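Take a look at the structure below.
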Amino acid sequence: MNVQHVLAQFQATGQQSCFHDRHINPQIYAGLNGNNWHLKDYEARGGYQALRQILGMHGAEGMTQDQVIATMKDSGLRGRGGAGFPTGLKWSFMPRQFPGQKYLVCNSDEGEPGTCKDRDILEFNPHIVIEGMAIAAYAMGISVGFNYIHGEIFQTYERFEAALEEARAAGYLGDHIMGSTFNFQLHAAHGFGAYICGEETALLESLEGKKGQPRFKPPFPASYGVYGKPTTINNTETFAAVPWIIRNGGPAYLACGKPNNGGTKIFSVSGDVELPGNYEVPMGTSFATLLELAGGVRGGRKLKAVIPGGSSAPVLPASIMMDITMDYDAIAKAGSMLGSGAVIVMDETRCMVKSLQRLSAFYMHESCGQCTPCREGTGWLWRIVDRLENGHGKAADLDLLDSVAENIMGRTICALGDAAAMPVRGMMKHFRPEFEHHITHKTCMVGAYI
């Protein structure tokens, strides 16, 4: 199943693809020959028309900054990095009359386990991000931007650098863009592979050449960001949505999804499915439909559980997942988060204790160590789960595990502590009998697992 086929299904029902020019499923890379990322290919798909439109090129009336921001608000686009904050509202926070330098930052530090959408956008359609950032910069009166790219995907970084050179040579970046008074310089910044740098203020610290540790908030980046100047930060997928919205209007984008959840969303489906990959579907699509598009559960096994929004989101059992839709509100109501859109599917052979052991090890390793509850607590979580998994658990460990997670939640500078605690609480809520079985029988409840 590829993205083109997925979108064709929705078009047949009267729904229009919001990103018909974005190709991001690994199964169609060969068909693309890996070469249609160049500027000429993007322009052939209507690329940079939105930027021309707002600047009043080729007979267009042009758009004011207020009009661009209003269009974004009308679209209902919410940040695709995990928090889901309304994009137009965030842009309105930027003090446009600030007399000094202001900055725009794209968060491409994609490190959430299970998430692999942003790197594909940057590698196979980088110009859509460049155009989206240029439009955002125009709307907020910003002249300098950075794209902070995860340190472990250097090939993607090089691809984006090549796209920047093409955009500069064509006059889409730089001074007096396309003969206008708008100036915007955009640079790529190579990250260092630290998960914590996906947190926006840790990213800013790293961008400045310092150790990637989160800042206290307030002040927020809109007033004190890069080098202490007003800064707006959005996710890669968020910027990639902007050109289509400008070309087609906010209401058209909103109509692609559902109220308060406008547009389409790219879901990175992994785990126990036949066709893992990136799938772009309208917001509000049922999980059952998404699972079907990914080929169903691998090997014809039964679905056991799903982590719907990346490893930091609480797990949900199959009985809940099969009845909900993939949007911020529905998943929150079910007790989890849409997050980054990483859908990790687990079949009946998966041991929840073993799964939590691996997740806890990741968060212990990636904690920056700045906050005591996270620095010490993530280690405690892993050690407790590790002894449960290895047959050394005690009955008191379950209450201790829950207590440690509760005492991490909400007590750290950034959300990494919460990200480590929420999987624990989700597992304990829905799969406590498996943990009890490990204690009483010193073995896994589900038998053999991969």
Side-chain angles (χ1 to χ4, degrees), residues 1-7 19 22-32 34 37 79-84 106-126 128-129 147-160 163 188 190-199 203 234-241 264-281 283 285 287 290-291 293-295 298 306-313 326 331 337-346 355 358-359 362-363 366 419 423:
M1 184 72 67
N2 61 43
V3 168
Q4 292 172 324
H5 180 65
V6 171
L7 294 179
F19 303 112
R22 199 190 303 172
H23 304 282
I24 43 91
N25 192 288
Q27 297 171 78
I28 61 173
Y29 288 172
L32 296 175
W37 62 270
R80 299 302 198 232
C106 178
N107 186 345
S108 295
D109 190 63
E110 186 176 48
E112 182 81 354
T115 313
C116 53
K117 61 183 178 64
D118 293 343
R119 65 196 67 188
D120 277 357
I121 297 172
L122 292 176
E123 189 164 345
F124 292 91
N125 205 357
I128 201 171
V129 179
N147 185 6
Y148 186 96
I149 301 173
H150 191 69
E152 295 167 330
I153 49 173
F154 191 71
Q155 177 180 339
T156 304
Y157 169 80
E158 291 182 315
R159 173 65 55 82
F160 191 76
H190 189 238
F192 296 91
Y195 174 73
I196 190 62
C197 289
E199 195 279 333
L203 184 155
N234 281 120
N235 170 258
T236 313
E237 186 184 353
T238 309
F239 283 122
T264 64
K265 177 78 183 78
I266 302 174
F267 291 98
S268 301
V269 184
S270 64
D272 299 317
V273 292
E274 293 287 358
L275 300 171
N278 287 320
Y279 292 86
E280 182 183 3
V281 296
M283 291 284 276
T285 297
F287 169 74
L290 183 62
L291 180 61
L293 295 174
R298 186 167 52 197
V306 178
I307 302 176
S311 65
S312 59
M326 301 303 291
I331 295 180
M337 307 183 302
L338 184 72
S340 62
V343 180
I344 303 172
V345 177
M346 292 181 279
S355 299
R358 291 175 174 175
L359 288 176
F362 172 80
Y363 288 107
E366 294 297 334

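None of these values were measured; they are calculated from a predicted model.
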side-chain hydrogen bond (donor to acceptor under 3.5 Å, both in side chains) with [X]: which residues, sequence neighbours excluded?
X	answer
Glu112	Tyr195, Ser312
Ser355	none
Glu274	none
Ser340	Thr115

Nearest 0.5 angstrom please: [X] [atom1] to [Y] [atom2], how far?
X	Y	atom1	atom2	result
Glu199	Asp109	CD	CG	11.0 Å
Glu280	Ile121	CD	CD1	8.0 Å
Cys106	Asn234	SG	CG	8.0 Å
Thr236	Arg80	OG1	CZ	13.0 Å
Ser108	Asn147	OG	CG	3.5 Å
Tyr363	Ile196	OH	CD1	11.0 Å

**OP:** Go through the structure and list residues passing ring pair (Phe, Tyr, Trp, His ring centres under 6.0 Å) with Phe287, not counting sequence neighbours.
**Re:**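 Phe287: no ring pair (Phe, Tyr, Trp, His ring centres under 6.0 Å) contacts found.
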
Does the side chain of [Y] come within less than 4.5 Å of [X]'s, by heavy atoms?
X	Y	value
Lys117	Glu237	yes
Asp120	Ile266	no
Ser268	Asn278	yes
Asp118	His150	no
Leu338	Phe267	yes
Val343	Met326	yes
Thr285	Leu293	no

[X] versus [Y], closest heavy-atom pair with distance:
X	Y	result
Ile128	Asn125	CG2-O, 3.1 Å
Ile331	Pro308	CG2-CG, 4.0 Å
Ser311	Pro423	O-CG, 3.2 Å
Phe124	Pro126	C-CD, 3.7 Å
Gly309	Ala313	N-CB, 3.8 Å
Val269	Ala294	CG1-CB, 3.8 Å

**OP:** Go through the structure and list residues passing side-chain contact (heavy atoms from CB on, under 4.5 Å) with Tyr157, not counting sequence neighbours.
**Re:**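 By the side-chain contact (heavy atoms from CB on, under 4.5 Å) rule, Tyr157 matches Ile149, Phe154, Glu161, Ala188, His190.
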
Original post:
Is it true that a side-chain atom of Glu110 and a backbone atom of Arg119 form a donor plus acceptor pair closer than 3.5 Å?
Top reply: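 Looks like yes, one N/O pair under 3.5 Å.
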
Original post:
When you measure from the side chain of Asn107 to the backbone N and O of Gly198, does any donor-acceptor pair fall under 3.5 Å?
Top reply: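 Confirmed, Asn107 side chain pairs with Gly198 backbone.
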
Subject >> Test log, rule side-chain contact (heavy atoms from CB on, under 4.5 Å), inputs Leu291 and Val306 >> reply: CA-CA 11 Å; Leu291 180 61; Val306 178; over 6 Å; no

